[in-house]
Amino acid sequence: MRNDRVFTVRDILKRPVFGQARLAAGQEGLERQVGWVHVLEITNVSPYVSPHDLILSTGLWLQSEEGREVYLMQLIDREAAGLCVELGTSIHEIPESLMELANQHQFPLIVFKKPVRFVEITQDIHSLLINHQHQLLKSLETYSRELQQRTLQRTDISAVLELLHTYAAKPVVYISSMEAGSFVPELAPEMEQAIYSWYSREIEQLDLNDSDTELWFHMDEEKALLCYPVVCFGQVFSAIGMIVHPSAAVEYIKLLLDYTAKAAAALTLRSQFLEEKMVHNQNELIQDLMNGRIQLEEQARTRMGLRLLVKGQYWFAGGLLEIEHQMKGTGRERMEANHQDILVLLRSLLKKNHLTSLIMLKNNLIYLCCAKEGTQSSLQQQLIQTLEGVTQDVKRFARSNLKQVEIHAGFGKLRNQLLPLNDSLHEAYQVIEVARSVKAMKHVHFYDRMGIYQMLKTMPPTFLQSFVLDHLGVLVEYDRNHQLRLVETLDAYLANFGCKRDAAAQLFVHRQTLYNRLEKLEELLGPDYMQQEKRVCLEIALLAMAMIEGGDGLNSGW
């Protein structure tokens, strides 16, 4: 079905109304597209000419030698389809200089040997263009119905690609981050490889804030790939495109690709939701690992679907995503719908990043285990970066699309074995707790980056609170009675390594005010409070105090 054709100057010259016309210049421009026809007799034509306009004129502007070339260059610069001039009314011939200019820019210059009725020309060409536009819209409507039927009947993308190829009569390309690509018909191996490389370089890193969603990949002088991304949950998971000539008219093809990209997104979502219904085995495996019911590492890996390695190793990351519904009165159905959307997005992102994973939802917690295979020493850092990116994408989706839903995420230490998953999940929850209670750790998602808080979280809350009171209690009591902000002052002074100028700037106080507070600190803590052993205790106590104050009511003893 060839609905992508356009009418060119060559086609227009074959119409009966152009029977008395001849091409005076611009033979090389006969393939210019004609989108509309209208009459212009003024000299300043630029504001009134659009690309692909075919201009009709009696040549009144040619009676004066001044401005002839300027007039023609205005049409050329505005990418008009061509110029038709009637001889015998205002002029009797076209100046040689204008024909040379038209030939130079491959701009069709058509002359009528005698006066003609411009209204007959415009009626004929406009009827032709409007009828073609009507047929194009009917074709798109039919395509849309057939596309809908195929997406309802089947879940694989191949049926959609075949339909698109039928309507466009051009090679169709489908590239995905989650599954093997598809080419209808098959292309040369080197061309397919070039498309895959371009996809991984350009589309997977696509900024969706850019309103221009169409992308071009120019392969050579005769072939270019016009591509549209397939977007789900604000993420690009695949792309669908068509190979066209670089200079071909593609308005119809763009519409086809836009319709098809949306259908492909619907298929992707449906397949992921269906996959969510088949996760019983994953839930069972995670629960068995958490409860210590699996004794052999090989058995756990086999159940996860991992192959036995001859060389190299696996790195495993256990983590938690906590879904917090901050809006009071959120109904159970809305919560479950939000949870399902987050699960589908998370599973799709992990699949997109080629991570084998186990995922289980329980109440508002998503339990997660990811595996990555490799031999290079940088594998751990690669896995951390991938999980960091996935976490940020999920958080960004929740902020943008779910009403007052906050995602808290944490991952335990990366390990070479799957059996200690429960230890990783315990560490992951500690990460979430610290990130919630300590402002400076808000964006930390990995246990290895918790620093001193690894130790502080292992201590019983009562002991930790007692430790804080032993070292800072005298300052807390003094602040309660005199509002002198000594605890805050000590924290800033130690954080700036004893630099009074920087500490005063952080506290937004005058230098003399800081000196007065430091004198009081020395009076209450003793003159040796900046010596290493005591200073370390004070720093740990300040960190512990910040963690307790941000926790769930553990500051009742202050």
Side-chain angles (χ1 to χ4, degrees), residues 2-64 67-95 98-99 101-103 105-140 247-252 255:
R2 292 302 308 275
N3 292 294
D4 61 323
R5 67 155 296 178
V6 295
F7 291 99
T8 65
V9 175
R10 187 188 300 278
D11 297 322
I12 298 301
L13 287 174
K14 295 176 183 178
R15 303 294 294 175
V17 291
F18 279 81
Q20 299 299 318
R22 66 177 177 85
L23 184 67
Q27 177 72 31
E28 300 298 321
L30 287 177
E31 300 305 319
R32 284 176 177 258
Q33 179 183 346
V34 177
W36 201 244
V37 180
H38 61 103
V39 181
L40 275 179
E41 296 290 5
I42 59 176
T43 55
N44 181 27
V45 295
S46 288
Y48 309 101
V49 177
S50 299
H52 313 309
D53 281 354
L54 182 64
I55 305 302
L56 304 178
S57 173
T58 62
L60 186 63
W61 51 276
L62 282 171
Q63 291 180 346
S64 173
R68 291 174 177 175
E69 287 79 7
V70 173
Y71 177 94
L72 192 60
M73 281 307 302
Q74 290 181 72
L75 298 180
I76 294 171
D77 292 339
R78 294 294 294 172
E79 299 180 5
L83 172 65
C84 301
V85 180
E86 177 189 77
L87 301 180
T89 301
S90 300
I91 62 167
H92 298 283
E93 62 180 5
I94 303 295
L98 288 187
M99 289 194 289
L101 185 61
N103 285 325
H105 292 276
Q106 301 177 5
F107 182 76
L109 186 56
I110 302 165
V111 297
F112 291 96
K113 301 175 184 177
K114 58 182 181 179
V116 293
R117 288 171 54 86
F118 282 169
V119 65
E120 293 179 357
I121 296 175
T122 55
Q123 285 178 347
D124 179 74
I125 304 305
H126 289 170
S127 296
L128 181 71
L129 296 173
I130 291 171
N131 287 337
H132 176 67
Q133 187 72 14
H134 179 67
Q135 293 301 319
L136 185 148
L137 293 175
K138 287 180 62 177
S139 174
L140 286 173
S247 61
V250 292
E251 286 77 7
Y252 177 72
L255 292 171

*Return the set of residues passing side chain to side chain donor-acceptor pair (under 3.5 Å) with Glu31 (not counting sequence neighbours), or none when no residue passes.*
Arg10
*Give a yes or no on whether the backbone of Asn44 and the side-chain of Gln74 come within a donor-acceptor separation of less than 3.5 Å.*
no
*Heavy-atom closest pair, residues Asn103 and Gln27*: OD1-N, 4.3 Å
*Can you name the residues that form a salt bridge (Lys or Arg N to Asp or Glu O under 4.0 Å) with Glu93, not counting sequence neighbours?*
none
*Which pairs with one or both residues in residues 115-124 pass side chain to side chain donor-acceptor pair (under 3.5 Å), sequence neighbours excluded?*
Arg15-Asp124, Arg117-Glu120
*So how far is it from Leu56 CG to His38 NE2, rounded to the nearest 0.5 Å?*
8.5 Å
*asked:* Tell me the closest heavy-atom pair linking Ile12 and Leu54, and the distance in Å.
replied: CG2-CD2, 4.1 Å
Scan the side chains in residues 75-82 for donor-acceptor partners under 3.5 Å anywhere in the protein, sequence neighbours excluded, and list what turns up.
residue, atom, partner, partner atom, Å
Arg78, NE, Ser46, O, 3.3
Arg78, NE, Val49, O, 2.9
Arg78, NH2, Val49, O, 2.8

*Check the pair Leu109 / Ile94 against side-chain contact (heavy atoms from CB on, under 4.5 Å), numbers first and verdict last.*
CA-CA 9 Å; Leu109 186 56; Ile94 303 295; 3.7 Å; yes
_I'd like to know whether Val9 forms a side-chain contact (heavy atoms from CB on, under 4.5 Å) with Ile110, so could you lay out the CA-CA distance, the side-chain angles of the two residues, the decisive distance to 0.1 Å, and finally the verdict._
CA-CA 10 Å; Val9 175; Ile110 302 165; 4.0 Å; yes
*Of all residues at least two apart in sequence or in a different chain, which pass the ring-ring contact (aromatic ring centres under 6.0 Å, His included) check with Phe18?*
Phe112
_Non-hydrogen side-chain atoms of Ile125 and Phe7 separated by less than 4.5 Å_ = no
*For Val45 and Tyr71, which heavy atoms make the closest approach, and how far apart are they?*
CG1-CE1, 3.4 Å
*Name all residues meeting the ring-ring contact (aromatic ring centres under 6.0 Å, His included) criterion together with His105; count only those two or more places apart in sequence or in a different chain, and write none if there are none.*
none
